[in-house]
Amino acid sequence: MPFVKKTASPAEERRRAEKTQVWLSPVRRIERLAAEERICAMTFDDGPCRLPACPDRFRGKPLTLVLAELLERYGARGTFLVVGDTSGGYPDKPGKPGSPFWNGTAYDHFPDFGRDDQGGAANCPELISRLLAGGHEIASHGYAHRLFGRKALLHGGRRCLPDLEAAEADLRLLHKTVEDGWGYPMRLCRPPRGEDGMKGGFTSYDVFALMGYQYLSAGFDGACRLPGRSYQAEVEAAWRPMERLLLEDPDAFRGQVIALKDGCNMARRTPVADALERQLRLLTDHGYKVVTASELLERAPFRDAAAESRTGRDARRLLRMGWCVAYQDNALRPERTLTRGELAMMAFGWETVRRRIELVRSGRAPFRDMAPRDPYAAAAVLAVETGAMAAPEGRFRPDDAVTPVEVAQFCATRLGRTPPLGDWERISRGAFFSLIAELMP
């Protein structure tokens, strides 16, 4: 899974965000958040793992338990992105040690090829119970860790799930396993190997929307995956970059999501077992608190607006009422002009998740100026059907700025309250957040 190795400054991230073409979405990609305090999240993929660390300095203790106890020693809470069971991926054969296919040429097997019964929530329920008892968070990494889609250059002959329905079924199986077993509803997910695309023109954002999940990515790679010239080199590769960044800028990890591994690297070693304590010590020495990804998201919901800023407060209020206020990259971009397509998506995005899929598959354009694959098409259809917006002569004009009259019509229909008509030529997204927040009871 590709991650950003070098943590960018907030100014660099703002410039990058402005150049990125993104759309409003029910699903937000969580990488780094606009935290006003030194808090961050540490996330661990591919577990739980019952096998001991390798090399084993912990007298046979399961790796997942080693990681949980290390976190707790520093008053930290982790987010463990778990799989269900990878034993369904046979017949298969192990790949070359040190390669991305070390644990299977056709499928991933965790914690190792032929050792599937020693990993996953379905096989290691005692480890899931232990994580939850320790206050840690459980998130989804796919039941079988089967790729949503395939890129031959990166994944070779890896088998992937055939379509969107298969991806949804895989996620629902893991969701049901965790909810039935522990009464725990997962809310975050990371796609296996970070692969977003899938057949039919859909992406992980579509399947996460069907599940009601948010996309937990990461802004910093804590290493522990790639093989090094020695075990000690692998351990140093995990904590030395963090040390350098903190020496350059003590706030480098403020609001950051850090990616780690709950399992072996490609050389079948577990440098995370020794690197994690060094990382935790560095963060603690610089005044950081390590929290779960959900707590980090609650305390700092957005990428580019502090929770206690005017924009942050207004946007959070709308977010809690089910509005899609942020773009896919979790930025609010409050200075941007609000467009008609965005207005429809903000209000009707969650209600039209399945309708979007149906529209894409139908191939029928809903309006003369919107293709069925337009990210705002389904929301625009519902906005017109409910009378909240209009499409004269079959044109929705999704890129046009919203007018005062259109805002008044929208609010009267959607909220039952009409704001005073302004005389603006354009209304920014931030100004709209404030206007709607004031109308809310």
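Ion pair Arg187/Glu298 not flagged as a salt bridge, since none of the NZ, NE, NH1 or NH2 atoms sits closer than 4.0 Å to an Asp/Glu carboxylate oxygen. Salt bridge status for Arg29 with Asp196: present, with a side-chain N to carboxylate O gap under 4.0 Å. Looking at Asp108 and Arg158, a side-chain N of the basic residue comes within less than 4.0 Å of a carboxylate O on the acidic one, giving a salt bridge. Between Glu385 and Arg355, at least one side-chain nitrogen of the basic residue sits less than 4.0 Å from a carboxylate oxygen of the acidic one, meeting the salt-bridge criterion. With respect to Glu351 and Arg414, a salt bridge is recorded, a charged nitrogen being found less than 4.0 Å from a carboxylate O. A salt bridge does not link Asp369 with Arg397: none of the charged nitrogens is closer than 4.0 Å to a carboxylate oxygen.
The line from CZ of Phe208 to SG of Cys189 is 3.5 Å long, rounded to the nearest 0.5 Å. Here the straight-line distance linking atom CG of Leu210 with atom CG of Leu164 works out to 5.5 Å at 0.5 Å rounding. Distance check, rounded to the nearest 0.5 Å: CG of Leu318 to CZ of Arg313 gives 13.0 Å. The OG atom of Ser428 sits 14.5 Å away from atom CZ of Arg333, with the distance rounded to the nearest 0.5 Å. The structure places CD of Glu168 at 12.5 Å from CG of Leu173, a figure rounded to the nearest 0.5 Å. For the atom pair CZ of Phe110 and CG of Asp116, the computed distance is 10.0 Å after rounding to the nearest 0.5 Å.
With Tyr376 contributing its side chain and Leu24 its backbone, the two residues share a donor-acceptor pair below 3.5 Å. For the pair Thr105 (side chain) and Gly95 (backbone), a donor-acceptor distance under 3.5 Å is absent. Under a 3.5 Å cut-off, the side chain of Asp374 and the backbone N or O of Ala371 do not form any donor-acceptor pair. Counting only distance, with no hydrogens or angles, the side chain of Arg317 and the backbone of Ala437 share a donor-acceptor pair below 3.5 Å. Listed for the His109 side chain is a donor-acceptor partner under 3.5 Å among the backbone atoms of Gly89. Looking at Gln214, its side chain does come within 3.5 Å of a backbone N or O of Arg28 through a donor-acceptor pair. No donor-acceptor pair closer than 3.5 Å links the side chain of Ser309 to the backbone N or O of Ala305. A donor-acceptor pair under 3.5 Å is absent between the side-chain atoms of Asp92 and the main chain of Gly104, judged by distance alone. A donor-acceptor contact shorter than 3.5 Å is absent between the side chain of Asp45 and the backbone of Leu81. Of the possible donor and acceptor atoms, one in the side chain of Glu195 sits under 3.5 Å from a partner among the backbone N and O of Gly197.
Inter-residue side-chain proximity for Ile436 and Cys411 is flagged as met; some heavy-atom pair is nearer than 4.5 Å. In this structure, Phe202 and Asp163 have side chains that are not in contact, with every pair of non-hydrogen atoms separated by 4.5 Å or more. The shortest side-chain heavy-atom distance between Arg268 and Pro97 falls under the 4.5 Å cut-off. You'll find the side chain of Met440 reaches within 4.5 Å of the side chain of Leu415, heavy atoms only. Put simply, the side chain of His136 does not reach to within 4.5 Å of the side chain of Thr292, judged on heavy atoms. The closest side-chain heavy-atom distance from Phe410 to Arg340 is not below 4.5 Å. Between Pro227 and Glu234, the closest side-chain pair of non-hydrogen atoms falls below 4.5 Å. Between Phe148 and Leu171, the closest side-chain pair of non-hydrogen atoms falls below 4.5 Å.
The aromatic rings of Phe80 and Phe44 sit parallel, their planes meeting at an angle under 30°, below the 60° perpendicular limit. Ring pair Phe432/Trp323 is tilted by interplanar angle, where 30° to 60° counts as tilted.
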So Thr339 and Asp399, side-chain hydrogen bond (donor to acceptor under 3.5 Å, both in side chains) or not? Walk me through it.
-> CA-CA 5 Å; Thr339 67; Asp399 298 326; 5.5 Å; no
Output, in order, the C-alpha distance, side-chain angles, deciding distance and verdict of side chain to side chain contact (heavy atoms under 4.5 Å, CB included) for Met346 and Leu338.
-> CA-CA 10 Å; Met346 267 203 282; Leu338 178 66; 3.4 Å; yes
Are Arg303 and Asn330 close enough, and set up right, to give a side-chain hydrogen bond (donor to acceptor under 3.5 Å, both in side chains), and what steps lead you there?
-> CA-CA 6 Å; Arg303 176 176 174 169; Asn330 198 32; over 6 Å; no
Stepwise salt bridge (Lys or Arg N to Asp or Glu O under 4.0 Å) test for Arg77 and Glu295 | CA-CA 10 Å; Arg77 297 294 179 265; Glu295 182 177 344; over 6 Å; no
Check step by step if salt bridge (Lys or Arg N to Asp or Glu O under 4.0 Å) holds for Glu37 and Lys289.
-> CA-CA 9 Å; Glu37 54 191 319; Lys289 182 178 182 181; over 6 Å; no
Could you check Tyr215 against Gln328 for side chain to side chain contact (heavy atoms under 4.5 Å, CB included), going step by step and ending with a plain yes or no?
-> CA-CA 9 Å; Tyr215 188 141; Gln328 283 180 326; over 6 Å; no
Pair Asp85-Asn123, side-chain hydrogen bond (donor to acceptor under 3.5 Å, both in side chains): steps then yes or no = CA-CA 7 Å; Asp85 176 21; Asn123 300 314; 3.1 Å; yes
Begin with the C-alpha distance, continue with both residues' side-chain angles, and end with the deciding distance and a verdict on side chain to side chain contact (heavy atoms under 4.5 Å, CB included) for Leu131 and Leu127.
-> CA-CA 6 Å; Leu131 289 173; Leu127 292 176; 5.5 Å; no
Kindly indicate, with the supporting measurements, whether the criterion side chain to side chain contact (heavy atoms under 4.5 Å, CB included) is fulfilled by Ile128 and Tyr184.
-> CA-CA 10 Å; Ile128 297 293; Tyr184 186 91; over 6 Å; no
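When each of Thr79, Leu67, Leu276 is checked for a side chain to side chain contact (heavy atoms under 4.5 Å, CB included) with Met42, only Leu276 meets the rule.
Scanning all heavy atoms of the two residues, the minimum distance from Ala377 to Pro372 falls at CB-O, 4.1 Å. Shown here for Ser294 and Leu188, the closest heavy-atom pair between the two residues is OG-CD1, 3.6 Å. For the residue pair Ala307 and Arg316, the shortest heavy atom distance occurs at CB-NH2, 3.6 Å. Minimum heavy-atom separation, Ala390 to Phe396: O-CD1, 4.2 Å. When all heavy atoms are compared, the tightest approach of Asp304 to Leu332 is OD1-N, 2.8 Å. Summarising the geometry of Thr43 relative to Arg190, their closest heavy-atom pair is OG1-NH2, 3.0 Å, with the distance given to 0.1 Å.
For Tyr90 and Phe113, the ring centers are positioned less than 6.0 Å apart.
A cation-pi arrangement is present between Arg336 and Tyr327 under the rule of less than 6.0 angstrom and at most 45 degrees off the ring axis.
Counted within 6.0 Å of CD on Glu393, heavy atoms from surrounding residues, nucleotides or ligands total 12 or fewer; the atom is thus considered open.
Judged as a salt bridge (Lys or Arg N to Asp or Glu O under 4.0 Å), the pairs with a partner in residues 130-149 (not counting sequence neighbours) are, in order, Glu72-Arg130.
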